[in-house]
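Single-structure report; data block below.
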2 protein chains.
Amino acid sequence: MSTNKVIKEVEVYCREHGIRFTDQRRMALEIIASSKKPLGAYDVLAEMGKEVENPKPTTVYRALDFLLEHAFIHKIESLNAFVVCHAGHSHEGSQFMVCDDCGKVEEVHLCHLPKDLKKKIDDTGFQLTRWNTEIHGTCNRCQP
Amino acid sequence: MSTNKVIKEVEVYCREHGIRFTDQRRMALEIIASSKKPLGAYDVLAEMGKEVENPKPTTVYRALDFLLEHAFIHKIESLNAFVVCHAGHSHEGSQFMVCDDCGKVEEVHLCHLPKDLKKKIDDTGFQLTRWNTEIHGTCNRCQP
DNA sequence: TTGAAACTGTTACAATATAACATTACATTC
DNA sequence: GAATGTAATGTTATATTGTAACAGTTTCAA
Ligand SMILES: [Zn+2]
Ligand SMILES: [Zn+2]
Ligand SMILES: [Zn+2]
Ligand SMILES: [Zn+2]
């Protein structure tokens with residue numbers, strides 16, 4: 001999905017939900033959405049630095065927190081890096097295939113927790129709020 | 001499983017596989033295995049400091065790398081913290097239930113990737129090396 | 001129009017992790 | 001058992017990632 005399309009959709013979503021989509025937030029989202037690979041917070045910071053004077057980590061992390069909270073982006077925990085959401089709707093679970101060769105990440109997106117996991121969780125009385133699966137390996141483009 | 005039992009098993013495993021289970025590695029494993037909650041690298045460092053003079057981060061991270069490599073411990077990526085493996089055998093995938101209230105983590109352990117994920121991965125030709133699921137929420141002891 | 005809440009600016013710092021290079025211990029082979 | 005190569009450790013410094021705290025500003029609605 002094109003960066004413009006992502007921005008447009010988030011714009012609409014925010015307007016409809018009375019959420020403020022400020023310049024900093026838009027800028028951070030644009031940067032992440034235009035990247036082919038996950039970006040670290042300080043990568044985003046560096047990119048921001050090309051458009052505004054000397055931005056600070058706090059600024060970036062605040063924008064990231066906002067974007068995460070509304071699930072416009074996700075954090076790849078094993079990389080400390082961020083990607084734009086490609087599922088098109090808010091979801092409590094995220095799944096990613098991470099290529100350790102080229103560094104690209106693809107969001108898989110299952111709407112529901114797999115049955116066998118769900119069962120184990122229900123059995124223990126655990127109350128789920130969110131879940132995340134990160135699958136590492138080699139993408140098909142990077143194989144011999 | 002008791003700390004002693006874990007240590008004994010790893011000892012045997014290492015002897016049988018010609019792997020060196022040195023004092024530092026043993027100490028790090030003991031510290032992690034005796035903890036009720038996941039420990040950060042610097043928590044381990046602090047504990048080590050009670051037994052040896054002024055250990056350094058490098059020392060801890062080396063021990064952790066070793067223990068991770070042989071899957072005696074796992075890293076909870078969303079917490080930057082480490083737990084002892086409770087599955088009893090090496091495995092390419094790990095699953096955890098993380099209680100955001102009390103901080104305790106339980107290893108679920110499915111031997112295989114859930115079918116629906118497996119299918120998506122196979123469809124794209126992705127070659128898996130390892131996978132990790134972290135489920136956040138509230139454990140049954142922490143619920144009202 | 002004013003008061004509360006959300007957002008931003010700024011400074012400083014905390015927490016997590018690695019690089020680089022010197023030294024020591026260990027196992028293997030001659 | 002000396003020579004040798006590899007694995008493990010010691011040491012110093014630094015890189016990377018993420019927050020705390022508090023002051024100032026904007027927004028929106030009562
Ligand atoms: Zn998503
Ligand atoms: Zn690849
Ligand atoms: Zn395990
Ligand atoms: Zn709990």
Side-chain angles (χ1 to χ4, degrees), chain A residues 10-11 13-29 31-32 35 37-49 51-70 72-83 100 103 134, chain B residues 10-11 13-29 31-32 35 37-49 51-70 72-83 100 103 134:
Chain A
V10 168
E11 229 164 39
Y13 180 95
C14 287
R15 198 162 42 234
E16 286 176 352
H17 288 75
I19 298 167
R20 285 161 67 184
F21 191 43
T22 63
D23 285 351
Q24 294 179 350
R25 293 167 176 178
R26 173 190 311 265
M27 201 183 309
L29 182 58
I31 289 165
I32 291 168
S35 172
K37 299 180 186 179
L39 293 181
Y42 282 73
D43 297 330
V44 176
L45 183 62
E47 286 301 313
M48 266 197 184
E51 304 191 38
V52 301
E53 185 65 19
N54 192 27
K56 303 292 191 300
T58 314
T59 302
V60 170
Y61 279 103
R62 280 170 179 160
L64 293 175
D65 284 348
F66 169 85
L67 297 171
L68 285 171
E69 189 184 348
H70 296 284
F72 302 139
I73 64 172
H74 302 301
K75 180 174 186 181
I76 313 289
E77 298 282 0
S78 55
L79 300 176
N80 295 318
F82 304 85
V83 293
D100 293 322
E134 297 176 14
Chain B
V10 168
E11 229 164 39
Y13 180 94
C14 287
R15 199 163 40 235
E16 285 176 353
H17 289 75
I19 297 168
R20 284 163 68 185
F21 191 42
T22 63
D23 285 352
Q24 294 181 350
R25 292 166 178 178
R26 174 190 312 263
M27 200 184 308
L29 181 58
I31 289 165
I32 292 169
S35 172
K37 299 180 185 178
L39 292 181
Y42 281 74
D43 297 330
V44 176
L45 183 63
E47 285 302 312
M48 268 198 184
E51 304 192 38
V52 300
E53 184 65 20
N54 193 27
K56 303 291 190 301
T58 313
T59 301
V60 170
Y61 279 103
R62 280 170 179 162
L64 293 175
D65 284 347
F66 169 85
L67 297 170
L68 285 171
E69 188 184 347
H70 296 284
F72 302 137
I73 64 171
H74 301 300
K75 181 173 186 182
I76 312 289
E77 298 282 1
S78 55
L79 301 176
N80 295 318
F82 303 86
V83 293
D100 293 322
E134 296 176 16

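Excluded from the calculations below are hydrogen atoms, water molecules and symmetry mates; all remaining heavy atoms, backbone and side chain alike, are included. Lettering of chains follows the sequences in order, A, B, ..., and the numbering in each one begins at 1.
Comparing Asp43(B) and Ile19(A) against DNA chain C, the residue whose closest nucleotide sits nearer the 5' end is Ile19(A). In terms of position along DNA chain D, the nucleotide closest to Phe66(B) lies nearer the 5' end than the nucleotide closest to the other residue of the pair Phe66(B) and Ala41(A).
Protein atom NZ of Lys56(B) is 15 Å distant from nucleotide atom C1' of dT23(C), rounded to whole Å. In this structure, the CD atom of Glu77(A) is 12 Å from the C1' atom of dG18(D), given to the nearest Å. One atom, CG of Asn54(B), and another, P of dT11(D), lie 9 Å apart when rounded to the nearest Å. Leu64(A) places its CG atom 15 Å from the P atom of dC7(C), with the value rounded to the nearest Å. For the pair Leu68(A) CG and dG18(D) P, the interatomic distance rounds to 10 Å; values are reported in whole Å. Nucleotide dT17(D) holds its P atom 14 Å from the CD1 atom of Ile76(A), rounded to whole Å. Remark: P of dA7(D) and NE2 of His70(B) are 12 Å apart, rounded to the nearest angstrom. Between Asp23(B) atom CG and dA25(C) atom C1' the separation is 12 Å, expressed in whole Å.
Among the heavy atoms of the strands lying under 4.0 Å from Arg20(A) are primed sugar atoms or P, OP1, OP2 only; no base atom is included.
Side-chain N or O atoms of Lys37(A) include none that pairs as donor or acceptor with a backbone N or O of Ser35(A) at under 3.5 Å. A side-chain donor-acceptor contact under 3.5 Å links Arg25(B) to the backbone of Arg20(B).
Remark: the Thr58(B) side chain and the dA17(C) base include no donor-acceptor N/O pair separated by less than 3.5 Å.
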Under the side chain to side chain contact (heavy atoms under 4.5 Å, CB included) criterion, do Phe72(A) and Ile32(A) qualify, and how do the steps go? CA-CA 10 Å; Phe72(A) 302 139; Ile32(A) 291 168; over 6 Å; no
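Not one side-chain nitrogen or oxygen of Asn80(B) sits closer than 4.0 Å to the OP1 or OP2 atom of dA15(C). Residue Tyr61(B) places at least one side-chain N or O under 4.0 Å from the OP1 or OP2 atom of dA17(C). Between dA8(D) and Gln24(B), no contact under 4.0 Å exists linking OP1 or OP2 to a side-chain N or O. For Thr22(B) and dT9(D), the shortest distance from a side-chain N or O to OP1 or OP2 is below 4.0 Å. Between Lys75(A) and the phosphate of dG18(D), there is a side-chain N or O to OP1/OP2 separation shorter than 4.0 Å.
Aromatic ring centroids of Phe21(B) and Tyr13(B) lie 6.0 Å or more apart.
Relative ring orientation between Phe66(B) and His70(B) is described as tilted, the plane-to-plane angle lying within the 30° to 60° band.
Minimum atom distance to the side chain of Pro57(A) is reached by dT19(D), of the listed dT19(D), dG10(D), dG9(C). Distance from the side chain of Arg25(B) is smallest to dA8(D) among dA17(C), dA20(D), dA8(D). Which of dT18(C), dG10(D), dT17(D) sits closest to the side chain of Arg62(B) comes down to dG10(D).
With hydrogens and angles left out, the side-chain atoms of Ser78(A) and Glu134(A) include a donor and acceptor closer than 3.5 Å.
Remark: ring of Tyr42(A) overlaps the six-membered base ring of dT17(D) in a stacked fashion, centroids less than 5.5 Å apart, planes less than 30° apart.
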